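Worksheet: the structure to be examined is printed underneath.
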Amino acid sequence: MTFIAKPRLHHPTLHTNQVGYTRRDYEGRISTLCAGCGHDSISAAIIQACWDLNIEPHRVAKLSGIGCSSKTPDYFLGASHGFNTVHGRMPSVLTGANLANRELLYLGVSGDGDSASIGLGQFANAMRRGVRMAYIVENNGVYGLTKGQFSATADRGSKSKKGVVNSESPVDLVGIALQLGATYVARSFSGDKAQLVPLIKGAMEHGGAAFIDVISPCVTFNNHSGSTKSYDYVRQHNEAVSRIDFMEPGQEITTDYPPGALVEVEQHDGSLLRLRKLHTDYDPTDRYAAMSYMQTHAALGEILTGLLYIDPLATDLHTALNTTAQPLNTLNAAQLNPGQKALDKINAALR
């Protein structure tokens, strides 16, 4: 973490959002990552998404593990709750916090080393349990903090900065998230803010486990001609499955227009949203089709970006456990410990 503080001076004419905050109020400390790191673009996208959604910073709990990516929560939402956990253990700490206080918005930020290696089991169980959160992996395919070893997401055949060829198969976190039941799955590129911001908005507002894998080139150790996660490679092999926008919950606005047509829809703030239907053969609500579509393009050496899958009726872990609607951290001792009669009743039901 950095101890470099930003000046707290605000220009008096800075624009505020509906809850009275300027965009500066969503920033954090000055980044100490390498100049040009894709992770800083992801931090900027998170700041933009939360400001646009009028989320009060103190309503967000941001959690991370260890690594370059896990440093980044210090660079956004400085007024939110934060916890930097042990390596690979962010999902379990986030799950516990979520169960204790369901009223916060949970943002998990991790890396390919943190989630696909030591934390793979934690990642998998968080996805299958349906913990309500936005889980973002800043994926650069390399261990940057320890000078450039292959991470578990590095593609077979890709080269390190020293020319060593990776002989191991990569872990595909998107495929795992789809298989294990995540109800919002997307992939994006740190250099495509127009696509990434609405994807983060959708994840923050989703009712279940939302996962976004963001390809984020490491400019120091993995941005060369032999890398499959360099800026040049991703730009050359990137295919967006859809172009999406995000609307905050409110009075429903409906429209109906044929595939391929352009329509202008007036929004609640009076602005016009220009929609054009693309990729008519892609259905983001079909989990198995999404998995097949992704693997087909992966075999062609292509990187699919966009919203790959969404369950519009998603539920979360609280629904599965039938927990009380009141946050557990606000219950008193008598509510948390109902006494011997209640325990006897539970034991009798288990006999």
Side-chain angles (χ1 to χ4, degrees), residues 18-19 45-46 49-63 77 80-81 90-110 122-137 173-174 176-188 196-214 242 244-254 268 283-291 306-330:
Q18 294 179 10
V19 289
I46 292 172
C50 291
W51 189 83
D52 288 349
L53 289 174
N54 301 299
I55 294 173
E56 296 170 301
H58 63 271
R59 291 189 55 231
V60 177
K62 53 182 184 181
L63 296 96
L77 295 175
S80 64
H81 306 274
M90 177 271 287
S92 58
V93 177
L94 187 151
T95 300
N98 181 289
L99 287 173
N101 187 353
R102 61 193 302 171
E103 292 187 342
L104 294 178
L105 297 171
Y106 289 91
L107 176 61
V109 179
S110 184
Q122 296 252 326
F123 168 79
N125 283 289
M127 292 297 109
R128 75 181 183 84
R129 286 172 178 152
V131 181
R132 183 173 182 175
M133 61 182 170
Y135 192 129
I136 298 174
V137 164
L173 293 173
V174 166
I176 293 173
L178 283 169
Q179 185 176 17
L180 293 181
T183 50
Y184 183 102
V185 181
R187 174 174 280 151
S188 191
L196 182 56
V197 170
L199 286 176
I200 294 174
K201 288 182 183 178
M204 294 292 289
E205 293 292 299
H206 186 60
F211 172 65
I212 307 176
D213 180 48
V214 187
S242 60
I244 66 171
D245 209 327
F246 179 83
M247 294 170 55
E248 296 180 53
Q251 187 174 1
E252 184 181 14
I253 297 174
T254 61
H268 295 91
D283 178 10
T285 64
D286 189 331
R287 182 188 299 275
Y288 301 106
M291 296 171 67
L307 182 57
L308 296 163
Y309 173 71
I310 184 171
D311 178 357
L313 303 177
T315 57
D316 70 349
L317 184 60
H318 283 283
T319 303
L321 297 179
N322 193 28
T323 61
T324 174
Q326 185 177 350
L328 300 183
N329 66 340
T330 64

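Remember, predicted model here, so these are calculated numbers, not experimental data. The analysis underlying the following values was restricted to heavy atoms, covering all of them including side chains, and did not include hydrogens, waters or symmetry mates.
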Subject >> Contact check, side chains of I136 and I46, non-hydrogen atoms, under 4.5 Å >> reply: yes
Subject >> Flag, side chain of H81 to backbone of R59, donor-acceptor distance under 3.5 Å >> reply: no
Original post:
Within a radius of less than 6.0 Å around CD of E56, do more than 12 heavy atoms belonging to other residues, nucleotides or ligands occur?
Top reply: yes
Original post:
Given M204 and I55, is the side chain to side chain contact (heavy atoms under 4.5 Å, CB included) satisfied, shown in steps?
Top reply: CA-CA 10 Å; M204 294 292 289; I55 294 173; 3.9 Å; yes
Original post:
Backbone N or O of Q18 within a donor-acceptor pair of the N54 side chain at under 3.5 Å?
Top reply: yes
**OP:** Run through T330, T323, T324 and flag the one making a side chain to side chain donor-acceptor pair (under 3.5 Å) with Q326.
**Re:** T330
Original post:
Between CE of M291 and CG of L308, what distance do you get to the nearest 0.5 Å?
Top reply: 11.5 Å
**OP:** Indicate yes or no for a side-chain donor-acceptor contact from Y106 to the backbone of V131 under 3.5 Å, with no hydrogens or angles considered.
**Re:** no
Original post:
Say you draw a straight line from CD1 of I310 to OG1 of T285; how long is it, rounded to the nearest 0.5 Å?
Top reply: 9.5 Å
Original post:
Rounded to the nearest 0.5 Å, how far does CG of L173 lie from CZ of F123?
Top reply: 4.5 Å
Original post:
Checking K62 side chain against L77 main chain: does a donor-acceptor pair fall under 3.5 Å?
Top reply: yes
Original post:
Quick one: ring pair (Phe, Tyr, Trp, His ring centres under 6.0 Å) partners of H318, sequence neighbours excluded?
Top reply: none
Subject >> Flag side-chain contact, heavy atom, 4.5 Å: F211 against V137 >> reply: yes
Subject >> Note, E205 side chain near L53 side chain (heavy atom, < 4.5 Å) >> reply: yes
Subject >> Between CG on residue D213 and CG on residue L199, distance to nearest 0.5 Å >> reply: 11.5 Å
Subject >> Interatomic distance, L107 atom CG to S80 atom OG [nearest 0.5 angstrom] >> reply: 8.0 Å
Original post:
Passes side chain to side chain contact (heavy atoms under 4.5 Å, CB included), Y184 versus L307? Steps please.
Top reply: CA-CA 8 Å; Y184 183 102; L307 182 57; 3.7 Å; yes
Original post:
Yes or no on side chain to side chain contact (heavy atoms under 4.5 Å, CB included) for L99 and L321, after CA distance, side-chain angles and deciding distance?
Top reply: CA-CA 10 Å; L99 287 173; L321 297 179; 3.9 Å; yes
Original post:
By ring pair (Phe, Tyr, Trp, His ring centres under 6.0 Å), which residues pair with Y309, not counting sequence neighbours?
Top reply: none
**OP:** Using the salt bridge (Lys or Arg N to Asp or Glu O under 4.0 Å) rule, collect all pairs that involve residues 311-322, keeping only residues at least two apart or in two chains.
**Re:** none
